[in-house]
Amino acid sequence: MEKKAKKIIDRFYKFFEMNVFDPKNLEHKEIVQKRVNKMMHTQLMTQWLKENSWFNKDELLTDEVIKFLIDCAVAFFDEEKFEKEINYNSNDWLKALDLRVSYVSKKN
C-alpha cells in the first residue's frame, strides 16, 4: 500500500497548487510523504481502508484518496499548524474523504 501511495504521490505532487511547497524540492517532497504516511496509518484510516475493498483495486478511486491526502499534507507548511489544523484521526476528516470519493464515483 505504501509503495502504491508513493508512486501516486510522485505522479500527482507536481500538479498541485501549492503556495509554499516546491514540487522540485526533495525536502518538501519528503515532508509531504511523511505526512501522507502519518495520515495513512492512523487507526481510523486503517479501518476505513479495510472497509473499502476497492482501495488499490480501483485506480480512479485510489488516486482520489491519495490526492485528498496530498491536499491535506500541503495545506500548511508549518508542521505544528498542520498537526493542529488537519485533524486526520477524526470522523469528520474521514467524512470529508468519503464525500470526495463518493463525488468521484458518482461522476463515473
Side-chain angles (χ1 to χ4, degrees):
M1 176 170 57
E2 218 168 285
K3 268 187 174 178
K4 173 86 171 167
K6 202 169 203 154
K7 273 177 128 174
I8 296 170
I9 288 170
D10 286 342
R11 193 169 61 183
F12 291 118
Y13 180 69
K14 61 185 169 232
F15 298 111
F16 277 78
E17 294 285 325
M18 295 178 274
N19 296 329
V20 291
F21 282 94
D22 177 5
K24 294 176 184 153
N25 185 322
L26 288 178
E27 287 180 39
H28 290 189
K29 191 173 180 182
E30 286 176 18
I31 291 168
V32 171
Q33 183 65 56
K34 181 181 135 207
R35 290 177 180 181
V36 168
N37 290 344
K38 272 186 186 179
M39 291 182 277
M40 289 284 287
H41 292 98
T42 63
Q43 192 173 21
L44 284 175
M45 185 63 165
T46 302
Q47 185 63 37
W48 187 89
L49 291 170
K50 286 179 186 174
E51 292 171 4
N52 290 283
S53 58
W54 51 261
F55 187 79
N56 262 345
K57 294 178 184 135
D58 183 298
E59 187 174 353
L60 185 66
L61 295 175
T62 300
D63 288 355
E64 198 59 37
V65 171
I66 302 302
K67 287 190 242 177
F68 176 82
L69 295 174
I70 293 171
D71 279 343
C72 292
V74 300
F76 302 98
F77 186 77
D78 181 66
E79 189 69 25
E80 203 172 291
K81 194 156 180 132
F82 166 76
E83 290 293 337
K84 182 180 175 190
E85 299 292 329
I86 305 292
N87 193 358
Y88 54 85
N89 199 22
S90 72
N91 287 323
D92 288 339
W93 184 77
L94 281 179
K95 285 177 188 174
L97 174 57
D98 279 333
L99 187 65
R100 182 152 165 182
V101 169
S102 68
Y103 176 74
V104 169
S105 63
K106 286 178 186 175
K107 283 184 5 183
N108 292 324

Hey, do the aromatic rings of Y88 and F68 have their centres closer than 6.0 Å? no
Exercise for the section: Begin from the C-alpha positions of M45 and W93 and carry the test side chain to side chain contact (heavy atoms under 4.5 Å, CB included) through to its verdict. Expected result: CA-CA 10 Å; M45 185 63 165; W93 184 77; 4.1 Å; yes
inquiry  = Can you confirm whether more than 12 heavy atoms, excluding those of E27, are under 6.0 Å from its CD atom?
reply    = no
inquiry  = What I'd like to find out is whether the side chain of F55 reaches to under 4.5 Å of the side chain of L61, using heavy atoms alone.
reply    = no
Do K34 and E79 have side-chain heavy atoms sitting under 4.5 Å apart?
yes
Rounded to the nearest 0.5 angstrom, the CG-CG distance for D98 and N52 is 6.5 Å
CG of L94 to CG of L99, rounded to nearest 0.5 Å, is 12.5 Å
Inset, instruction - Indicate whether the side chain of Q47 and that of Q43 have a donor and an acceptor atom separated by less than 3.5 Å. - result: no
- Between R100 and E64, is any pair of side-chain heavy atoms under 4.5 Å apart? yes
State, yes or no, whether a side-chain contact exists between M39 and N89 at a heavy-atom distance under 4.5 Å.
no
**Prompt:** Would you say the side chain of I86 lies within less than 4.5 Å of the side chain of R35, judging by non-hydrogen atoms?
**Reply:** no
Value for CG (N25) from CD (E30), rounded to nearest 0.5 Å, stands at 9.0 Å
- Query: Does a side-chain heavy-atom distance below 4.5 Å link H28 with F77?
  - Reply: yes
In short, F76 meets F82 closest at the heavy-atom pair CB-N, 3.9 Å
Apply side chain to side chain contact (heavy atoms under 4.5 Å, CB included) to the pair T46 and T42, showing each step before the final yes or no.
CA-CA 6 Å; T46 302; T42 63; 5.7 Å; no
Rounded to the nearest 0.5 angstrom, the CG-OG1 distance for L49 and T62 is 9.0 Å
ask   = If we only count heavy atoms from C-beta on, is the I66 to L69 side-chain gap below 4.5 Å?
value = yes
Quiz item: Below 4.5 Å, heavy atoms only, C-beta onward: do N87 and D92 meet side chain to side chain?
Solution: no
